[in-house]
Colleague: 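Take a look at this one; I'll ask things after.
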There are 2 protein chains.
Amino acid sequence: MKAGGGKHTRNAEEYVCDVQCIHPDLVEELEKNIIDGDTASELSQIFRVMSDPSRLRIISLLSKGELCVCDIADALNMTQSAISHQLRVLRNTQLVKFRKEGRVAWYSLDDDHVLKLFTTGLDHVGHTEP
Amino acid sequence: MKAGGGKHTRNAEEYVCDVQCIHPDLVEELEKNIIDGDTASELSQIFRVMSDPSRLRIISLLSKGELCVCDIADALNMTQSAISHQLRVLRNTQLVKFRKEGRVAWYSLDDDHVLKLFTTGLDHVGHTEP
DNA sequence: TGAATAGATGAACGCATACTCATATATTAT
DNA sequence: ATAATATATGAGTATGCGTTCATCTATTCA
């Protein structure tokens, strides 16, 4: 650690703290279980994308089926531009896919994981999907 | 919608677009399926908390058991202050809980949903937990 | 061909937030 | 009581991001 700290280990019923010594066994044990920084960053991106209310509502809509941009904009009462920007974010992170039909772009969820994350999250906040 | 837009509906095999008219059936259908703004905000908070690499690594560590602040700081090679700030965020959103034992604070995950979100996320990025 | 429309996108503004630094609080040891 | 330790926290700074506004491309219609 870099500031203000010591080091603790469980030792039967008592907790031993010491600043200078590091307990290699615990550290090693811990370090096996840490996801590395790259994985953490990669993972954080998915959650980051799902951490915006507008994007969640888009996902909520798309969980029911394919929709075009202006349907979404209308349903959420947001500008086409705002929706389009958000859809790009969702596209870039592979959470949604789309197909072009004339000048209409139809969007849909790309992955079941997204839906699972969404419903698990809803579960967590104590709501259930309609 | 507020800018640049029309309105589309699936109509058998053809898609009808019209700007001024709103198709009440589709809108109504959609609006039943939208999570409301409050729910979206509430849900976004959980994902927001899980959208930071440092917090994810903390969660990763705590998924293996109870740890004190300086254990975490040491394992992640971050300052005690930074960890403490992040733990407060995790505490305030009920993702972790803690107990005080003397001057040592032992933290652990508060909820199985957290772990489920974490592992589902890892699944999504194609990693599996060690 | 020219007008209208669906959507995409760059710039800019405002707000949120992760970390650092300094310091405060609470507990243990001497 | 005094010193040391474990953690918490406020202020400040830098970075990231969501939305708006203006504009651009591509497609359809007249």
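Atoms considered below: every heavy atom in the structure, side chains included; atoms not considered: hydrogens, waters and symmetry mates. In this text the structure is predicted, and so the values were computed from the model without any measurement. Quick note on labels: first sequence line is chain A, next is B, and so on, each numbered from 1.
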Colleague: Between C:dC19, C:dA8, D:dT19, which nucleotide gets closest to the side-chain atoms of B:Gln86?
Modeller: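 The answer is C:dC19.
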Colleague: If each of A:Arg48 and A:Leu87 is mapped to the nucleotide of DNA chain C with the nearest heavy atom, which maps nearer the 5' terminus, i.e. the 5' end?
Modeller: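 It is A:Leu87, whose closest nucleotide lies nearer the 5' terminus.
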Colleague: Test A:Asp110 against A:Leu90 for side chain to side chain contact (heavy atoms under 4.5 Å, CB included), laying out the working first.
Modeller: CA-CA 9 Å; A:Asp110 191 9; A:Leu90 290 162; over 6 Å; no
Colleague: Between A:Tyr107 and A:Ile58, is the side chain to side chain contact (heavy atoms under 4.5 Å, CB included) condition met? List the steps.
Modeller: CA-CA 10 Å; A:Tyr107 281 84; A:Ile58 291 174; over 6 Å; no
Colleague: So which one's nearest nucleotide on DNA chain D is more toward 5', A:Gly102 or A:Asp52?
Modeller: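 Looking at the nearest nucleotide for each, A:Asp52 comes out on the 5' side.
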Colleague: Should A:Ile46 and A:Thr93 count as side-chain neighbours, where that means a heavy-atom distance under 4.5 Å?
Modeller: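 When only atoms from C-beta onward are counted, A:Thr93 and A:Ile46 do not touch, as no gap falls below 4.5 Å.
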Colleague: Please confirm whether any donor atom in the side chain of A:His85 sits under 3.5 Å from an acceptor in the base of C:dG7, or the reverse.
Modeller: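 Between C:dG7 and A:His85, which were checked side chain against base, a qualifying N/O pair under 3.5 Å is absent.
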Colleague: Whole angstrom is fine here: how far is it from NZ in B:Lys100 over to P in C:dA26?
Modeller: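 Value for this atom pair: 9 Å.
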Colleague: For the pair made of CG in B:Asp74 and P in D:dT5, what is the distance, rounded to whole Å?
Modeller: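 After rounding, the reported distance stands at 16 Å.
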Colleague: Is the phosphate of C:dA18 approached by B:Ser54 (side-chain N or O, under 4.0 Å from OP1 or OP2)?
Modeller: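 No, outside the criterion.
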Colleague: What residues form a side-chain hydrogen bond (donor to acceptor under 3.5 Å, both in side chains) with B:Arg57, not counting sequence neighbours?
Modeller: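 Counting only residues at least two positions away or on another chain, B:Arg57 forms no side-chain hydrogen bond (donor to acceptor under 3.5 Å, both in side chains).
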Colleague: To the nearest Å, how far apart are A:Ile83 CD1 and D:dT19 P?
Modeller: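 About 8 Å, once rounded to whole Å.
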Colleague: Below 3.5 Å, does any donor atom in the side chain of B:Gln80 face an acceptor in the base of D:dA8, or the other way round?
Modeller: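 Answer is yes: a donor-acceptor pair is held.
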Colleague: Round to the nearest Å and state the distance from A:Ile58 atom CD1 to C:dG7 atom P.
Modeller: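 It works out to 13 Å between those atoms.
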Colleague: Determine: side-chain N/O of A:Tyr107 to OP1/OP2 of C:dA6, distance under 4.0 Å, yes or no.
Modeller: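 Result: no.
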Colleague: Kindly indicate whether the side chain of B:Val49, heavy atoms from C-beta on, has any atom under 4.5 Å from the side chain of A:Phe47.
Modeller: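 A side-chain contact under 4.5 Å is absent here.
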Colleague: Could you please name the option among D:dA8, C:dT27, D:dT28 that lies closest to any side-chain atom of B:Ala105?
Modeller: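 Out of D:dA8, C:dT27, D:dT28, the nucleotide with an atom closest to B:Ala105's side chain is D:dA8.
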Colleague: Check the orientation of B:His113 and A:His124. Use parallel for under 30°, tilted for 30 to 60°, and perpendicular for over 60°.
Modeller: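 Rings of B:His113 and A:His124: perpendicular, as their planes differ by over 60°.
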Colleague: Taking only side-chain N and O atoms of A:Thr79, does any of them lie within less than 4.0 angstrom of OP1 or OP2 on D:dT20?
Modeller: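 Indeed, a polar side-chain atom of A:Thr79 lies that close.
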Colleague: Any N or O donor-acceptor pair under 3.5 Å from the base of D:dT5 to the side chain of B:Arg103?
Modeller: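 Such a pair exists between side chain and base.
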Colleague: Could you check how far CZ of B:Arg88 sits from C1' of C:dT17, rounded to whole Å?
Modeller: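 Rounding to the nearest Å, CZ of B:Arg88 and C1' of C:dT17 are 12 Å apart.
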Colleague: Should B:Arg55 be listed as having a side-chain N or O under 4.0 Å from OP1 or OP2 of C:dA18?
Modeller: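 True: B:Arg55 side-chain N/O within range (under 4.0 Å) of C:dA18 OP1/OP2.
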Colleague: Between the side-chain atoms of B:Ser81 and the base atoms of C:dC19, is any donor-acceptor pair under 3.5 Å?
Modeller: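 Side chain to base: no pair present.
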Colleague: A:Gln45 has an atom CD; how far is it from atom C1' of D:dC17, in whole Å?
Modeller: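 Answer to the nearest Å: 14 Å.
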Colleague: Return the value, rounded to whole Å, for the distance between atom CZ of A:Arg99 and atom C1' of C:dG7.
Modeller: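 The distance from CZ of A:Arg99 to C1' of C:dG7 comes to 15 Å, rounded to the nearest Å.
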Colleague: For B:Asn77 and C:dA18, give me the distance from atom CG to atom P, rounded to whole Å.
Modeller: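 In whole Å, C:dA18 P and B:Asn77 CG are 19 Å from each other.
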Colleague: The side chain of B:Phe98 lies closest to which of these nucleotides: C:dT28, D:dT19, D:dA8?
Modeller: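 Given the options C:dT28, D:dT19, D:dA8, the side chain of B:Phe98 is closest to D:dA8.
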